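Worksheet: one structure, shown below.
Lettering of chains follows the sequences in order, A, B, ..., and the numbering in each one begins at 1. All figures in this text were calculated on a predicted structure; none of them were measured in a lab.
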Number of protein chains: 2
Amino acid sequence: MEKNIQEAENYCQQNGLNLTPVRRKVLEILLEKNTAIGAYEILDLLRESGFKNQPPVAYRALDFLVQNGFAHKIEQLNSFIGCMHPGKDHSPAFMICRNCDSVSEEEALTRNFSVSQIASKAGFTVEKAVIEARGLCQSCSDLA
Amino acid sequence: MEKNIQEAENYCQQNGLNLTPVRRKVLEILLEKNTAIGAYEILDLLRESGFKNQPPVAYRALDFLVQNGFAHKIEQLNSFIGCMHPGKDHSPAFMICRNCDSVSEEEALTRNFSVSQIASKAGFTVEKAVIEARGLCQSCSDLA
DNA sequence: TTCCTCCATGATATAACATAACATTCGCGC
DNA sequence: GCGCGAATGTTATGTTATATCATGGAGGAA
Ligand SMILES: [Zn+2]
Ligand SMILES: [Zn+2]
Ligand SMILES: [Zn+2]
Ligand SMILES: [Zn+2]
């Protein structure tokens, strides 16, 4: 965990990014759990640590972390989870347990994979899968 | 479209479900577009048609439709889209165009597939993919 | 009929999630 | 010192979703 933070520091230094105290703190918060955390819960934890606690504080830090590959948003939960693939344009698959709320990130290599494969490798039983791709449809591609 | 509604009526009748006026109207609204629609936009359209327009009106109807396979929620957009696989426990994959906002539903047979396969079959260029599975993790399965 | 239960809807309020907009601060190169 | 850009401070508001209790109406049992 402390090692992860250190890696994040290094990555930022090497890439002209600024892991400011509040951003670092949010990253620590996210890495401390294996469950997803909502922005307002993060805000509470920030306040406890003496940071300001207006919503933009959390959302700005989260934007930074998500942008730079230190965190992901879990759309189904409106929550966030730590990651450690900085800068990587990866397409992860998340396994969200309905019983213990744990969220595990599995790598979906090169966007070519099957959910069931990934899940079974992780020992996860899928009850419902959300797959949403963003991009360009046929006709919009043709126009370009 | 009118045919879809008719099928929905039939399915409901055969399964003891009640496609009430407001539920039917919401389904019509969803089926009229090939883009996802937010609950509050639906609410506006309901009001224009003389229905009540407090949030629970839309959310209740949407819950019914989603529960019974007449609609899906698009998590990335906090919006809803019509479907016509009533009762089917299917695992669809959605292709969301960032340019024209169209959303197309592709069938992901038996939860065993690859996003890139589905996308290319549909002529869709994937820029980002969200894959979130809900279910039971290894340890929670073991306890059961 | 009367009463009961279930389902759907009505109605009010509030919770939870997220962003807009503008002001301030601070470090850095000129 | 000055101008600039990045980050943060601050206030306000927008957007999405749910909790809760009240009302109504169809259908069955006694
Ligand atoms: Zn990741
Ligand atoms: Zn679990
Ligand atoms: Zn569907
Ligand atoms: Zn398009």
In this structure, are over 12 heavy atoms from other groups packed under 6.0 Å from B:Gln54 atom CD? yes

5'-most by nearest nucleotide on DNA chain D - B:Lys73 or B:Arg60: B:Lys73

Between A:Tyr59 and C:dA18, is there a contact of a side-chain N or O with OP1 or OP2 at under 4.0 Å? yes

B:Asn78 has an atom CG; how far is it from atom P of C:dA16, in whole Å? 16 Å

If only side-chain N and O atoms of B:Lys52 are considered, is one of them under 4.0 Å from the OP1 or OP2 phosphate oxygen of C:dT9? no

Ionic contact status for A:Lys33 with A:Glu41, cut-off 4.0 Å: yes

For B:His72 and B:His90, I'd like to know if the aromatic rings sit close, meaning centre-to-centre distance below 6.0 Å. yes

State plainly whether the residues A:Arg60 and A:Asp63 are in salt-bridge range, i.e. N to O under 4.0 Å. no

When you list every nucleotide of DNA chain D with an atom under 4.0 Å from a heavy atom of chain B, which one comes first 5' to 3', and which comes last? D:dT16 to D:dT20

Using whole Å, report how far CZ of A:Phe80 lies from C1' of C:dA16. 13 Å

For the helix from C:dT1-D:dA30 to C:dC30-D:dG1, what angle separates the axis at the start from the axis at the finish, each from five pairs, in steps of 10°? 10°

C:dC17 P sits how many Å from A:Leu43 CG, rounded? 11 Å

Taking the side chain of B:Pro56 as its heavy atoms from C-beta onward, which of C:dT12, C:dA18, C:dA8 lies nearest to it? C:dT12

